[in-house]
Structures are given as structure tokens and as C-alpha cells.
Chemist: 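The following block contains the structure, expressed as C-alpha cells.
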Amino acid sequence: MSEFTDPARAPAPAHARLDAGPLPQTDPKSAVLVPAAVIAVSAAMGQLVTMDLWNASSSPQGLNLLGAMFLCVLLSTHGKRAIVWAIAVLAGGISAQVGMDVAFLAHLPLHITYCLLLIPFGHYLALPPRGPNPLQRSAWVLRFVVCCGLLLPALIATLYWLAGNALGLPPWQTYWHSNFLAQALGFLLFVPICVSLRYRITAGGPRLSPRQIALPAIFIALAAIAWVNLSSSGATVHTLLAIGLLFMLLLVQFLWGADAAFLSLLMLTLGCLQLGFAKGGHATPGEESITVTVIQIGALVAVLSLLMMVVISEQWRHLRTTLEQADARIAVMAERLIKVQEDERARIARDLHDDINQSIAAVSIQLSNVRRQLPGLYQGNLSVLQWKLGEVSERVRQISHDLHPSILHFSTLSSALESLCQSHSGPPRVTFIGCTETEDSLTPEQKINLFRITQEALHNVVRHAQAESATISLSTDAHLAVLRICDDGVGLPRRERHSRRLGLGMITMEERTRMMRGVLVLEEAPESGTCVEVRIPLEASPEAAGI
């Protein structure tokens, strides 16, 4: 029997053969340099997007993504690749500063220093190579929020404040609270996107389709339009708009995943900052600072709320997937056990019929020969013994037939069910209503499963129903086969009919029905008693059974 493979556990790597030649190079230069170039361009674009407003408006920076990109590199890889990609992030950020003519020499030591600060935090938050989504692990998410939402931003903001005062930077570039919020937002918004995408790629998570990318983009555009049109409204309208946008983000997360939700919130935050700076074009630097701070606090509340909901949703999704996989494994095992049970029943029935019953018949023949050779006084006793031996032979034959009805191999299911009814000595009195159409579309597996279901249902009627009569009916057409076993007994109590604590017999009946992609219905009879109805499709389409 083949072993089951746990889909949540990565398969063990196969050992290389000695004669397989040299192993292929697993980390060529192109696998390091090409992503490094993409990372450098992305870092430059991130710096341009976040620093353009900062440099042009003489107001605090609203969002900083450079440190978040650097931390994502540390979380995504290690070794030589991590060094090259980290340098690419730093080079992209520096090139953006040079292109914007920002004070390069003043900020370069700051960038290098706080990137070095990220290294121990990156090792502390290191992700496993494979496995479940880290966003569903509450302990990791809590460490991430404390490190990247509190400790790191506080250290970096303090570093900028001290260095800015020492280097004589403009005051609006050294505000501690603005730098703290800008760093915290960058980490809390960007890192979950990287973690979730990494899970999709390396750990077998669901892949993003073009539709899943387009719909969040439409959501961002609609949210930006709403913000523009309602920007002059009062606080109540802004509050309702923020709540509505948060619910929309939760919907995006539920439908398309955490990465789509955090990406939508990131783009929405950038759009709000852009609109805030555009709206405050004629405001004083203090008013612009207040506008940026309000947007930062709102985005921070939104990202913390979204992160909490992501953890709950991902845990629920993981539990549901685990339960579905466990149900699938149990169903496969139950199907295999039923098939093994049928094979074992057939073997035992064959041994009883071909070996033991034949041996009993041989003993009976020898007793007949002995009886003819003995005086009349002993012939009567041997006749009685021979008659009892015949009863034993008939009982063995009946057991063999119950274990494996050989009639199914040579006749129809209707004949086998009719034979079952005739062999039953009541009570109750069992009546069979034959098939209304042909049974040619029934497979041997369907015949044996329907026969076993009938046996188990009739067994339950005899033991529990206290019925006087029972009816077994079978009907088939081109698409559907329906088997009904009804009795006039006491029926099932309502609490047991709706209870999930079923007996082994009912569980076996349900499993056999599921194997045939059918439906098993347990209901009250029209007058009294219980009806068991099994509907199975006779074509490939499961809709025929009403599924």
C-alpha cells in the first residue's frame, strides 16, 4: 500500500546517483544579478515616490520604504545573494537621492547606519525556508509588530534626530514623530506584501491571477476618487469613508489574499499623501506637518487593524485547508479499507465455498458409505449426524453468500436483492420491488456497494425498527439509480436523526454512497417508520444525483 504524503510537509530531497554526472549549478550569476538589478530599480522608484513630496513641499516625510525593502531582502534570502541584493537596495536608494539632488553626503551615513541596524532584526525575524504562511502565526506577527512597528522606527527616528541636529539639516527633516511614523508605516505596509508573495511562490500558496491584480487596482482608483471628491467634507464624512475603505480592504484580503490587501493599502496611503500635499500647497509648513501626521496615524490604525484581521483570516484559512486535507485523507483511507474489506470477504467466501464446504461434502459422502456398512442400529444415528452435517454445510454456504454474493457476477442487482429478500426469514416480512429499467449502466463496484447498503439497512431494520414489514425498491434510468429501503417500524428519534454521532453501519453506508458520488437521505416514511434512499449518478456528471 502506498504511503500518504502530508501536503503541508515538504518531501525529502532525493539522493543523487553516483553515475548521474556533475550536479547542475543551482545559483548561477544570472540568478543573483538579474534580481539585483530589478531590486535596485524598485528601490530607486520607491525612494523617488516617497521623497518627491518630501523634497518639494518642505514637510516631513510621510512614508519611507528603503528600510522596509532592505529588511525584505534579509527575510527572503541569505548568504551571498542577501549581500548582493542588500547592496542593490542601498544603491537604488542612493541613486534616487542623487537624481533628486537631495543632500547626498549628509544622508549617506544615516542610510548605511540604519541599514546595519536592520541586520540583527532580520536575523531575529528570519522566516523558515518552507512551510505555512508566517502571517498566520500569531507569535511571529507579534514579534514583527513590536520590532518593526515600535523598536526599529524609534531607533531610526532617534538616529535621524541626533544626526540631523549635528549635521544642520532642516527642522522639517528631523521631526522625531514624523520619522517614527514614516518608518513604521514603511515596515508594516511593505514587509507583509513581501512575506505573503514569498509564501505564494516558495511554499505552494495560491497564485495570483491577472484578475486578482486588476481588481485591487480598480479598488485603489475608486478609493482615490472618493477621497478627492469628499476631501472638503466634514469629519463625519471622513470617518465614514475611512470605515468603508477599511471594510473594502478586508474584503480584498478575504478574496485575494494579504499581499493584495496590503498593496492596496500602500497605494492608498501614497495617494492620500499626494492629495494631502496637493491640497496644502498654500499652507504653512506647520499645517502641512499636521496634515501628514493625520494621514500617517490613520494609515497606521488601518494597517494594524488589517494585520490583525489577516492573522485571523490566515489562521482560519489554514485550519480549513488542514481540515479539508484531513477529510480527503480519511476519505481515501476509508475507500481503500472498504475495497480491502471486500477483497478479504471474497477470499474468505471462496475458501468457505471451495475448501471447507467441499470438505464437509466429502465427509458426508464417507459417512454415507460407512452407514451402509453398519448394522441397522447404527444407521439411524449416522443418518441424524449426516443430516446435521448437511445443515452445517448449508449454513457455511449461506455465510459464504453473505460475505460475497457471487450472484452479482452472473446476474443483475435486482436478482441479488430479490434473493436477499427470499433468504430472509422474518420478522419483518421483506418485499422487493424490481428495477423499472435496465441495469446495464451499473458497474460491478456500484452493484456490490448498493447490495452492501441494502444488507446494512435491512440489518438495522431487524435490530432496531420493530417493524412488521419492509420494502426494498430499485429503479434506474439513463442518468440515475435510486435504491429505497422503507419499513413500518418505530422510526428514528428526531434528535438521533439530526445527530452527527452515527453508528458504524450508517458511517459505512455514507462512505459507500460517497464512493459512488451519490447522496444518502434518511427520512421518515409516509405513514410511519424510516426510509433510507440512495441516489447515485450513472453518468460522469454529478448533477444527476442532485449534488
Side-chain angles (χ1 to χ4, degrees), residues 338 342 345 349 398-492 497 502-538 544-546:
I338 289 175
E342 288 297 334
R345 282 181 171 182
Q398 184 62 40
I399 293 174
S400 175
H401 180 271
D402 292 341
L403 285 173
H404 187 73
S406 58
I407 189 174
L408 287 175
H409 296 288
F410 309 106
S411 184
T412 63
L413 176 62
S414 298
S415 301
L417 294 178
E418 187 174 4
S419 175
L420 177 65
C421 294
Q422 292 174 356
S423 64
H424 175 74
S425 57
R429 182 181 70 259
V430 181
T431 305
F432 175 72
I433 301 176
C435 191
T436 58
E437 299 290 343
T438 179
E439 297 181 31
D440 295 339
S441 53
L442 287 173
T443 64
E445 290 79 11
Q446 289 174 330
K447 290 181 180 180
I448 188 64
N449 284 323
L450 290 175
F451 185 84
R452 294 299 184 199
I453 291 173
T454 305
Q455 275 186 318
E456 184 60 40
L458 191 58
H459 176 73
N460 291 336
V461 170
V462 173
R463 291 192 59 186
H464 307 293
Q466 302 177 15
E468 296 181 358
S469 64
T471 303
I472 300 173
S473 64
L474 174 68
S475 62
T476 64
D477 55 25
H479 305 288
L480 192 68
V482 180
L483 173 68
R484 288 178 62 89
I485 304 98
C486 298
D487 64 79
D488 59 356
V490 296
L492 284 176
R497 191 182 305 120
L502 302 176
L504 181 59
M506 286 299 302
I507 292 175
T508 305
M509 292 167 64
E510 287 187 344
E511 284 299 321
R512 289 185 181 274
T513 305
R514 185 198 57 79
M515 288 169 55
M516 298 182 289
R517 298 180 295 108
V519 174
L520 185 143
V521 180
L522 186 65
E523 59 186 7
E524 293 182 355
E527 297 181 357
S528 63
T530 306
C531 275
V532 177
E533 181 177 286
V534 178
R535 301 192 301 268
I536 63 170
L538 300 182

Chemist: When rounded to the nearest 0.5 angstrom, what is the spacing between CG in L458 and OG1 in T454?
Modeler: 8.5 Å

Chemist: Is it the case that atom CD in Q466 sees more than 12 heavy atoms from other parts of the structure closer than 6.0 Å?
Modeler: no

Chemist: Just wondering, do Q455 and H459 contact through their side chains at under 4.5 Å, heavy atoms?
Modeler: no

Chemist: Are the side chain of T476 and the backbone of A481 linked by a donor-acceptor contact shorter than 3.5 Å?
Modeler: no

Chemist: Please give me the minimum heavy-atom distance between H464 and V490, naming the atom from each residue.
Modeler: O-CG2, 4.0 Å

Chemist: Does the pair T530 and N460 meet the rule for a side-chain contact (heavy atoms from CB on, under 4.5 Å), with working shown?
Modeler: CA-CA 11 Å; T530 306; N460 291 336; over 6 Å; no

Chemist: Could you tell me whether E445 and R512 make a salt bridge, using a distance below 4.0 angstrom between a side-chain N and a carboxylate O?
Modeler: no

Chemist: Could you go through the side-chain contact (heavy atoms from CB on, under 4.5 Å) check for L474 and V482 one step at a time?
Modeler: CA-CA 6 Å; L474 174 68; V482 180; over 6 Å; no

Chemist: Is there a donor-acceptor pair under 3.5 Å between the side chain of D488 and the backbone N or O of E468?
Modeler: yes

Chemist: Q446 side chain to T443 main-chain N or O, any donor-acceptor pair under 3.5 Å?
Modeler: yes

Chemist: Does some side-chain heavy atom of V532 sit less than 4.5 Å from a side-chain heavy atom of R484?
Modeler: no

Chemist: For a 4.5 angstrom cut-off between non-hydrogen side-chain atoms, does I536 reach R517?
Modeler: no

Chemist: Should L442 and L450 be marked as a side-chain contact (heavy atoms from CB on, under 4.5 Å) after you check the CA-CA gap, both sets of side-chain angles, and the distance that decides it?
Modeler: CA-CA 10 Å; L442 287 173; L450 290 175; 4.3 Å; yes

Chemist: Does any part of the side chain of L520, heavy atoms only, come nearer than 4.5 Å to the side chain of M506, both counted from C-beta?
Modeler: yes

Chemist: With the side chain counted from C-beta on, respond yes when T412 and L417 share a heavy-atom pair under 4.5 Å apart, and no when they do not.
Modeler: no

Chemist: Identify the heavy atoms of S400 and A349 that sit nearest to each other, and give their distance.
Modeler: OG-O, 2.9 Å

Chemist: I'd like to know if the side chain of T513 and the backbone of M509 have a donor-acceptor N/O pair within less than 3.5 Å.
Modeler: yes

Chemist: From C486 SG over to E523 CD, what is the distance, rounded to the nearest 0.5 angstrom?
Modeler: 7.5 Å

Chemist: Quick check: do D487 and T471 have side-chain heavy atoms less than 4.5 Å from each other?
Modeler: no

Chemist: Rounded to the nearest 0.5 Å, how far does CZ of R514 lie from CD1 of I507?
Modeler: 13.0 Å

Chemist: Side-chain contact, heavy-atom cut-off 4.5 Å: I472 with C421?
Modeler: yes

Chemist: Does CZ in R429 sit with more than 12 non-hydrogen atoms of other residues, nucleotides or ligands closer than 6.0 Å?
Modeler: no

Chemist: Before you tell me yes or no, could you show the steps for L483 and E533 under side-chain contact (heavy atoms from CB on, under 4.5 Å), namely the whole-Å CA-CA distance, both residues' side-chain angles and the distance that decides it to 0.1 Å?
Modeler: CA-CA 6 Å; L483 173 68; E533 181 177 286; over 6 Å; no

Chemist: Would you mind reporting whether F432 and S473 have side-chain heavy atoms less than 4.5 Å apart?
Modeler: no

